[in-house]
Amino acid sequence: MDIPPFIDDEIARMRPAAEVVLERRETVHKSRLGGIIIDCQTDDLDSAAAFWGAALGWPEQPRDENDRYAGFETPPNEPDVEVQRVNHESRVHIDIETDDIEAEATRLEALGAKRVEAFRTWLVMEAPTGQRFCVINPKRLNFESEANVWD
């Protein structure tokens, strides 16, 4: 299967997650907790990042051109932590990082999760208990040696 072409994330947002088919690379895949994302409904990401950085005791990482996220310099074996500016109410969600997004989404669906929204490089899913979370590509260097292996 080919990964569907997306012109940009706006088009991906308009396409229901059930219609998106991501390429499945192999029968065995890996996944693990990848990150904790602090969703902040705010126009002042700098203040939100300053608060959470001070609260957690981690310096902020340099930012790229995407001004929706502020990351922190977390210890190497701990999940990535980011502050994200959002339009919905403030909350916290987790990211599950995986080397095969489609295989991991299928595994999670078998556990009762459902796909909510597909983006070009990740999926938003919902647990049977209502919490939203994301399935993303690996971000941390020790993913290969530390992730769970699934058939």
**Cluster overlap L45 with I36, hydrophobic side-chain contacts below 4.5 Å** = yes

**For L111, side-chain contact (heavy atoms from CB on, under 4.5 Å) partners two or more places apart** = R107, L108

**Transitive ILVMFWY cluster of F143, excluding itself - 4.5 Å side-chain cut-off** = none

**Fill in**
Minimal heavy-atom distance between A49 and A70, with the atoms involved, is CB-CB, 3.7 Å

**Request:** Please report the shortest heavy-atom distance between V28 and D151, naming the atom on each side.
**Result:** CG2-OD1, 3.7 Å

**Item:** Stepwise side chain to side chain contact (heavy atoms under 4.5 Å, CB included) check, M125 with K114
**Value:** CA-CA 6 Å; M125 297 191 74; K114 64 181 180 182; over 6 Å; no

**Request:** Following the transitive rule for hydrophobic clusters with a side-chain heavy-atom cut-off under 4.5 Å over Ile, Leu, Val, Met, Phe, Trp and Tyr, establish whether V81 and I94 coincide in one cluster.
**Result:** no

**Request:** May I have the step-by-step check of salt bridge (charged side-chain N to carboxylate O under 4.0 Å, His left out) for E102 and R115, ending in yes or no?
**Result:** CA-CA 11 Å; E102 179 60 28; R115 297 175 196 222; 2.8 Å; yes

**Message:** Checking the side chain of S31 only, and the main-chain atoms of E104 only, is there a donor and an acceptor separated by less than 3.5 Å?
**Reply:** no

**Message:** Could you check whether any side-chain heavy atom of E146 comes within less than 4.5 Å of a side-chain heavy atom of R32, counting everything from C-beta outward?
**Reply:** yes

**Message:** If we ignore hydrogens and angles and just use 3.5 Å, is the side chain of S145 paired with the main-chain N or O of N142 as donor and acceptor?
**Reply:** yes

**Message:** Do V124 and F119 make a side-chain contact, defined as non-hydrogen atoms from C-beta onward lying under 4.5 Å apart?
**Reply:** yes

N/O donor-acceptor pairs under 3.5 Å from side chains in residues 52-60, not counting sequence neighbours:
unit_1, atom_1, unit_2, atom_2, d
E60, OE2, R63, NE, 2.5
E60, OE2, R63, NH2, 2.9

**Message:** Test of understanding: clusters of I, L, V, M, F, W, Y form through side-chain heavy atoms closer than 4.5 Å, transitively. Do V92 and F133 belong to the same one?
**Reply:** no

**Prompt:** Can you name the side-chain contact (heavy atoms from CB on, under 4.5 Å) partners of Q84, sequence neighbours left out?
**Reply:** I37, D39, R68, Y69, V86, H93

**Request:** Would you check, one step at a time, whether the test salt bridge (charged side-chain N to carboxylate O under 4.0 Å, His left out) holds for D67 with R85?
**Result:** CA-CA 8 Å; D67 65 350; R85 185 175 49 240; 3.3 Å; yes

**Asked** Under the side chain to side chain contact (heavy atoms under 4.5 Å, CB included) criterion, do Q41 and N87 qualify, and how do the steps go?
**Response** CA-CA 6 Å; Q41 187 179 40; N87 293 324; 5.6 Å; no

**Asked** Residues in side chain to side chain donor-acceptor pair (under 3.5 Å) with E78, at least two apart?
**Response** none

**Any residue meeting side-chain contact (heavy atoms from CB on, under 4.5 Å) with K139, in chain and number order, not counting sequence neighbours** = D80, E82, E97, I136

**Prompt:** Which atom pair, heavy atoms only, marks the closest approach of A48 to C40?
**Reply:** CB-SG, 4.1 Å

**Request:** Run the numbers on K30 and E144 for salt bridge (charged side-chain N to carboxylate O under 4.0 Å, His left out), then give the verdict.
**Result:** CA-CA 8 Å; K30 296 181 178 184; E144 194 62 35; 2.7 Å; yes

**Message:** Counting C-beta onward and ignoring hydrogens, is there a side-chain heavy-atom pair between T98 and H29 closer than 4.5 Å?
**Reply:** yes

**Message:** How about CG on N77, more than 12 heavy atoms from neighbouring residues, nucleotides or ligands closer than 6.0 Å, or not?
**Reply:** yes

